[in-house]
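Keep in mind that the numbers below use all heavy atoms, side chains included, and drop hydrogens, waters and symmetry copies.
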Amino acid sequence: MKQIALPFLLASASFIISCKSKTTEIGTVVPEVNVVEVGQKNVAVYAEYVGQAFGESDVEIKPRVEGWIQSIHFKEGSVVQRGQLLYVIQDDELRDREQSAVANLAQANIMLAKNKSDLDRVKPLADMNALSKRDLDAAQANYDAQLQAIESAKATLNNARTQLGYSRVISPITGIIGISKVQVGDYVRKSVGEQSLNTVSAVGDIRVRFPITESDYLRFKQQMTRSQVSNMDVEFVLNDGTVFPEKGKIDFANREIDPTTGSILIQAMVPNKSQLLRPGQYVKARFKSSEIANAVLVPQQAINQMQNVYMAYVVDDSSKVIPKPVQVSIRTGGNWVVTEGLKPGDKVALVGNALIKPGMMVRPVLKSYSYDSTQAK
């Protein structure tokens, strides 16, 4: 029995040792980890602000006389031409005023003719001393006064005709007209603060206004000359993330800092050949504000952020993972700009692999990566 048991025990011990060896082998499998080299290049820094579009001219159409809206002569949302008839306000009372002014002018002309006739009769008689000098002065005064009455009557008639003309509301500019705020039969007034009839916007060029902080304003003012600012290209990103094809230029800055927000309003002008931009539309205004020379860059996936701590996993020459705290400044495109903790050529692991642990051995797989993605997106 002892002879039989001994080989069995030896076989069992051999099996246990074999199993332990396999476990150790599995436990020491070296995982593959994707790594990229830290890059270095000049990086353009872009400033981006939310702005609102306005027409080149946004003209409110307001009534200049009171009355009922008699007719509307445009299609809402269409292009109207300068001088095109938009609204007709009922003008019965205004026509009566015009006819009264015409009659008053005619009467004044008749009186002028009479006074001229009286003066022509009195003058030769006064020259012959048949009438006194007082009679001549009175006839001359009546004639001169009637000349002024004629001018007054003409002014009254001109005013009446002007008021009558205001009953026909025309477009002051060529542009896109909005939705009418009144309909046929509505009564409109010309009082201050009264609601406008409509708005016409010229959209050949578009004004984009966006606020920037006071600190940004001071920084730009110190870093850029007036010529650099006026010649700087401004890109506009639409709500769907696409970039508007036309680039704009900075037009002006407001005269004051808004004390309630601590910001200053900037205006940029952009051509709108496609007529894609409309007044009221929100866009992102973006422009190159500065450049970082020889910036150290890593992909965003290579940085692990926990609250205010930023960590990169560097793979050293012995293929060991070493965590390194880093300092970052800005994100540009798909990358972080690193100011401390890394140098060009370091190999960093792409975060997100659950196998990465500090101090472990890995098999690094170097991936090619283009840092041209630093262009703002």
State, to 0.1 Å, how close [X] and [Y] come at their nearest heavy-atom pair, and which atoms those are.
| X | Y | answer |
| --- | --- | --- |
| A253 | I266 | CB-CD1, 3.5 Å |
| V35 | P364 | CG2-CB, 3.9 Å |
| M360 | P31 | CE-CG, 3.6 Å |
| V337 | I292 | CG1-CD1, 4.4 Å |
| T199 | D58 | CG2-C, 4.4 Å |
| Q223 | Q228 | O-OE1, 3.8 Å |

Using the rule that two of Ile, Leu, Val, Met, Phe, Trp, Tyr join whenever any of their side-chain heavy atoms come within less than 4.5 Å, decide whether [X] and [Y] are in one cluster.
| X | Y | result |
| --- | --- | --- |
| L105 | I110 | no |
| V38 | I330 | yes |
| V203 | V200 | no |
| L238 | V50 | no |
| Y46 | I212 | no |

Do [X] and [Y] have a side chain donor and acceptor closer than 3.5 Å?
| X | Y | result |
| --- | --- | --- |
| Q267 | R209 | yes |
| N34 | Y369 | no |
| S117 | R121 | yes |

Between side-chain atoms of residues 343-350 and protein atoms elsewhere (two or more places apart, or another chain), which donor-acceptor pairs fall under 3.5 Å?
from: K343; atom 1: NZ; to: D346; atom 2: OD1; distance (Å): 3.0
from: D346; atom 1: OD2; to: K343; atom 2: N; distance (Å): 3.1

Whether [X] side chain and [Y] backbone form a donor-acceptor pair below 3.5 Å:
| X | Y | value |
| --- | --- | --- |
| S100 | D96 | no |
| N272 | L276 | yes |
| S167 | V88 | no |
| T156 | S152 | yes |
| N142 | A138 | yes |
| Q305 | Q307 | yes |

Basic-acidic side-chain contact under 4.0 Å: [X], [Y]:
| X | Y | answer |
| --- | --- | --- |
| E66 | R189 | no |
| D316 | K320 | no |
| D137 | R134 | no |
| K249 | D233 | yes |
| R161 | E98 | yes |

side-chain hydrogen bond (donor to acceptor under 3.5 Å, both in side chains), that's the test. Do T332 and N335 meet it? Break it down for me. CA-CA 5 Å; T332 174; N335 309 301; over 6 Å; no
Reported OH-to-NZ distance for the pair Y313 and K324, which is rounded to 0.5 angstrom: 14.0 Å
Show every ring-ring contact (aromatic ring centres under 6.0 Å, His included) that has at least one partner inside [range], sequence neighbours left out.
| range | result |
| --- | --- |
| residues 321-346 | Y310-W336 |
| residues 213-262 | F220-F287 |
| residues 139-168 | none |

For S227 and N231: C-alpha separation, side-chain torsions, deciding distance, then whether side-chain hydrogen bond (donor to acceptor under 3.5 Å, both in side chains) applies. CA-CA 6 Å; S227 175; N231 292 321; 3.3 Å; yes
For [X], look at atom [atom1] and say whether over 12 heavy atoms of other residues, nucleotides or ligands are found less than 6.0 Å away.
| X | atom1 | answer |
| --- | --- | --- |
| R219 | CZ | yes |
| E76 | CD | yes |
| N239 | CG | no |

Hits for salt bridge (Lys or Arg N to Asp or Glu O under 4.0 Å) against D120, two or more places apart or cross-chain, chain-then-number order -> K116
Checking K288, R331, R286 against E48 for salt bridge (Lys or Arg N to Asp or Glu O under 4.0 Å), the one that qualifies is R286
Please step through side-chain hydrogen bond (donor to acceptor under 3.5 Å, both in side chains) for the pair D144 and Q140, ending with a clear verdict. CA-CA 6 Å; D144 293 340; Q140 184 68 51; 3.1 Å; yes
Output, in order, the C-alpha distance, side-chain angles, deciding distance and verdict of salt bridge (charged side-chain N to carboxylate O under 4.0 Å, His left out) for R95 and D92. CA-CA 5 Å; R95 289 190 180 280; D92 296 347; 5.9 Å; no
Rest of the hydrophobic cluster containing M361 (Ile/Leu/Val/Met/Phe/Trp/Tyr, side-chain heavy atoms under 4.5 Å)? none
When you look at S263 and D258, which way does the side-chain hydrogen bond (donor to acceptor under 3.5 Å, both in side chains) test go after all the steps? CA-CA 5 Å; S263 62; D258 188 337; 5.2 Å; no
